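First up is the structure itself, then whatever we jot down about it.
Predicted model only: the values in this text are computed from it and were never measured. Each residue takes its place number in the sequence, starting with 1.
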Amino acid sequence: MQNFWKNIPRYIRYVVVQTLYLFLLMVLFRAIFYLFFFKSTITSSAVITKAWYLGLKFDLRLALILVIPIALMAVIARNRFFTSKVIRNINRTYVFIVFTVLTLLFILDLGHYDYLGLRLDPSILRFLAKGERADNARMVWQSYPVVRGFLGLFVFLYLVFRLQRRTWNHLSAEPPVYLRNWPFTGYVTGLTLLIAAGIYGNFAYFPLRWSQAMFTRDNGVTSLGLNPILYFVSNFSVQGDTYDINLTKKYYPYIAEYLKVDKPDAEKLDYRRTVPADSTKPKLNVILVMLESTGAAPTSMYNNPMQATPNMKRLADSGILFKNFYVPAISTAKTVFGVTTGLPDITAVKTASRHPKMLDQRIIMDQFKGYEKLYLLGGSTNWANIRAVFTNNVEGINIHEEGMYKSGKADVWGISDYDLITEASEIFKASNDQKKPFVAFLQLADNHPPYTTTSGAGDFKKVKEKDIDMEKFKKSGFVSIDQFNALRYEDYNVGHLIDMARKDGYLNNTVFMFFGDHNCILNPYSFMPLPEYELATGGVHVTAFMYSPGHVAPQQVINTPGSLLDVYPTMASMVGIPYNNYTLGTNLLDSTRVNDKYVFITYLRNQQPYYALIGDRYLYEINLVTAATALYDLQADPTKNIQAQQPDTAKNLDNLTRGFYESTRYLMFNNKK
């Protein structure tokens, strides 16, 4: 065997060895992913083995693609491959770039998965948006061991390149093997066929495709079966977000009927609903509180065994709990855009707040006539270009942000939530004392890496593993004690806000609406009524509750699905102002919608994007890539597609789902003031 290997020309052997090195690098990171990041509800060894098998084939494909330039140089130069200084320098440069970039991308993928529970995809480019790179870099610096990571990376790459140099020197010292034309042609043909077969990757008519990794409904198994770099490239699209006017008109009648548009017109595409003033309603102050990364599942109102949010539960029990409340997409920037404009942010790569053509919107917050309008954030509104969402659409809005507070910065996200609430309450008190009603958007941020917590008033204490029941903790979905403490700290600050409102005198003439912007990354959990971890709807199912002593009756639970888009129509109706609704949101308290309310959501399952409608009984979804559709009965088997058994229901919901989607795409560009 050794003689056979030695008889192969050394430049062919070099190609084989480099392929092996590239493949082993990817296998190393696949093993790291499996050992430290892999999460799944599936325990079948056969399923896990199949995911590994597919993943290794993808890894081999990428290794072979990357080795092609080396193979071309080798077969063209033949024995000059090891004697030409120019070829040596080109080869070394290429190998250096490939191994460095591969290593960095795999590390980035692991960080992306740890943060969002998803393999690397083009949406990560939003973190490189102009004006936000520094903030995102500081978040990484404060959340991860960057210095130790770079030292480890440097040592690892140093060892890799020592191995590369040794391999080159070893092969270049061997005597050359000279081949006549036919033997050389045989080697080249054999090498070409092997590379082509490895890239093709299948013993079937069709080549290996990333969709084959989605042979289960489990995101963890799918993620294990993918190569993140190939997946990123295959899903990267340079096509911008747009709309199709013909599709908008086609599905307009369904959405117009659902929204109860005043004057439906499929040519003019009119979405307006006029809501008159209600003089019987008091002109209460309105405070919207966005709870960072606060899904439904981690909170105390949804049977989580850790009961991390007693203050939130107390307020929800004293007001209205919206049990089935969803945001359209997993992204803080998309939530801020969605709640403010009443439109789902369905942009593919960046967010609507970063899209100049989507920043002119007719919104309800602007119609709070006679109200002072406030937006308060502990950090900078340069983040995600959020400033433009408000200043471009809300006349006279007062923005309070980093640099305007007395408190110092706590981390990359600005001042701490405790300090933000303390200083915000002073602003609310000043308006209230002047008998001037106000509508305020208060955005919390500390329930987010780097999970900064303070002692608050001196009485907030972080817990450690020894302080809690770890059996309950493992069932709760929390991925770390730091994450658990961050949610406890957010709950502490919710209590602090109500205490400050009582102390500063505006509690009894204010209505508070609390809502999460998206769920946090969680380990598998099974205590919710629906298998939302498996359905992938858990990421967009968030907590939401309304509190206003003396104005909102306690002990109310609304099970009818609600949406982030519904917040401003609801609050405007609560205080009785007249408004025109041009958005896709409706009043959460509209009793006429109890039986026919649906909520538009988007999610990724098995790395596949879906848009869907979810209601009391049915979930209808459309795959954004394959256009495959499915209907699920949430009151029977929520994981079984019953589209064939209920074709009429499926057809009706298909029309309405596409109506929401196409109208959203249209309105993002055409809801101008």
Side-chain angles (χ1 to χ4, degrees), residues 243-281 283 286 328 337-346 352 358-371 373 392-395 439 513 558 560-600 613 615 652-673:
Y243 64 94
D244 186 320
I245 192 65
N246 293 322
L247 288 176
T248 306
K249 291 179 177 180
K250 177 180 178 180
Y251 294 104
Y252 171 83
Y254 305 103
I255 190 69
E257 180 182 5
Y258 173 81
L259 294 174
K260 302 176 182 177
V261 168
D262 291 348
K263 298 178 181 179
D265 190 323
E267 288 302 315
K268 293 182 178 179
L269 296 175
D270 189 350
Y271 291 83
R272 183 173 58 181
R273 289 92 74 204
T274 302
V275 180
D278 186 346
S279 59
T280 66
K281 300 289 181 65
K283 291 294 185 289
V286 175
F337 180 89
V339 70
T340 306
T341 66
L343 299 176
D345 182 349
I346 56 173
M358 297 180 183
L359 288 175
D360 187 0
Q361 298 288 336
R362 292 183 287 192
I363 66 177
I364 294 175
M365 185 185 190
D366 188 47
Q367 300 177 54
F368 274 72
K369 303 303 179 186
Y371 275 69
K373 304 172 186 70
N392 201 49
N393 297 306
V394 184
E395 184 178 357
V439 53
M513 180 68 184
I558 293 181
T560 303
S563 170
L564 183 79
L565 312 179
D566 303 331
V567 169
Y568 271 109
T570 304
M571 305 314 285
S573 297
M574 277 287 296
V575 299
I577 66 166
Y579 64 95
N580 290 310
N581 189 353
Y582 302 94
T583 77
L584 299 181
T586 61
N587 183 356
L588 288 165
L589 304 178
D590 183 353
S591 59
T592 66
R593 290 193 172 274
V594 171
N595 297 318
D596 71 339
K597 181 69 185 291
Y598 285 93
V599 171
F600 181 85
L613 285 187
N652 290 335
L653 287 178
D654 184 83
N655 288 330
L656 186 56
T657 305
R658 295 181 192 276
F660 263 98
Y661 180 71
E662 298 301 339
S663 289
T664 297
R665 295 207 301 160
Y666 170 79
L667 286 170
M668 291 176 87
F669 290 95
N670 296 282
N671 193 29
K672 294 178 169 50
K673 293 182 287 297

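- The nearest pair of heavy atoms linking Ala256 to Pro264 is CB-CB, 4.3 Å.
- The distance from the CG atom of Leu269 to the OG atom of Ser663 is 7.5 Å, given to the nearest 0.5 Å.
- Nearest approach of Ile577 to Gln367, heavy atoms of both residues: CD1-O, 3.7 Å.
- Distance check, rounded to the nearest 0.5 Å: CG of Asp270 to OH of Tyr582 gives 8.0 Å.
- Checked for salt-bridge contact, Asp566 and Lys597 meet the test: a charged N lies under 4.0 Å from a carboxylate O.
- Nearest heavy atoms, Pro569 versus Tyr579: O-OH, 3.2 Å.
- Side-chain contact between Leu584 and Leu667 is present, with at least one heavy-atom pair separated by less than 4.5 Å.
- The backbone N or O of Phe669 lies less than 3.5 Å from a partner atom in the side chain of Lys672, making a donor-acceptor pair.
- Counting heavy-atom neighbours within 6.0 Å of Tyr251 OH, excluding the residue itself, gives a total above 12.
- For the atom pair CD (Glu662) and CG (Asp244), the distance works out to 6.5 Å, reported to the nearest 0.5 Å.
- Scanning both residues, Val394 and Ile363, for their nearest heavy atoms gives CG2-CD1, 3.4 Å.
- In terms of modelled atom types and a separation under 3.5 Å, the side chain of Gln361 and the main chain of Asn393 share no donor-acceptor contact.
- Residues Val339 and Val567 share a closest heavy-atom pair of CG2-CB, 3.8 Å.
- Judged by distance alone, the side chain of Ser563 and the main-chain N or O of Val599 form no donor-acceptor pair under 3.5 Å.
- Other residues, nucleotides and ligands contribute more than 12 heavy atoms inside 6.0 Å of the NZ atom of Lys369.
- Ring planes of Phe368 and Tyr371: perpendicular class, angle over 60° (limits at 30 and 60°).
- For the residue pair Ile364 and Ala572, the shortest heavy atom distance occurs at CG2-CB, 4.0 Å.
- Val575 is not listed as a side-chain neighbour of Lys281, based on a closest heavy-atom distance of 4.5 Å or more.
- For the side chain to side chain contact (heavy atoms under 4.5 Å, CB included) test with Arg665, the passing option among Leu247, Thr248, Asn670 is Leu247; the others fail.
- Of the possible polar contacts, one joining the Asn581 side chain to the Gly585 backbone as a donor-acceptor pair under 3.5 Å is found.
- Using a 4.5 Å heavy-atom cutoff, the side chains of Arg273 and Val261 are in contact.
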Would Ile255 and Leu656 satisfy side chain to side chain contact (heavy atoms under 4.5 Å, CB included), going step by step from the backbone distance to the final call? CA-CA 6 Å; Ile255 190 69; Leu656 186 56; 4.2 Å; yes
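- Interatomic distance, CG of Leu588 versus CG of Leu565, reported as 10.0 Å (0.5 Å rounding).
- Under the ring pair (Phe, Tyr, Trp, His ring centres under 6.0 Å) test applied with Tyr252, the options Tyr661, Phe660, Tyr271, Tyr258 reduce to a single match, Tyr271.
- Between Arg593 and Thr586, some side-chain heavy-atom pair lies under the 4.5 Å cut-off.
- Atom CE in Met668 sits 4.5 Å away from atom CZ in Phe337 (nearest 0.5 Å).
- Note: Thr657 OG1 to Phe600 CZ = 8.0 Å, rounded to the nearest 0.5 Å.
- Put simply, the side chain of Thr570 does not reach to within 4.5 Å of the side chain of Met513, judged on heavy atoms.
- Using a 4.5 Å heavy-atom threshold, the side chains of Asp345 and Pro328 count as separate.
- Residues Asp278 and Ser573 form no side-chain contact, since every pair of their non-hydrogen atoms from C-beta on lies 4.5 Å or further apart.
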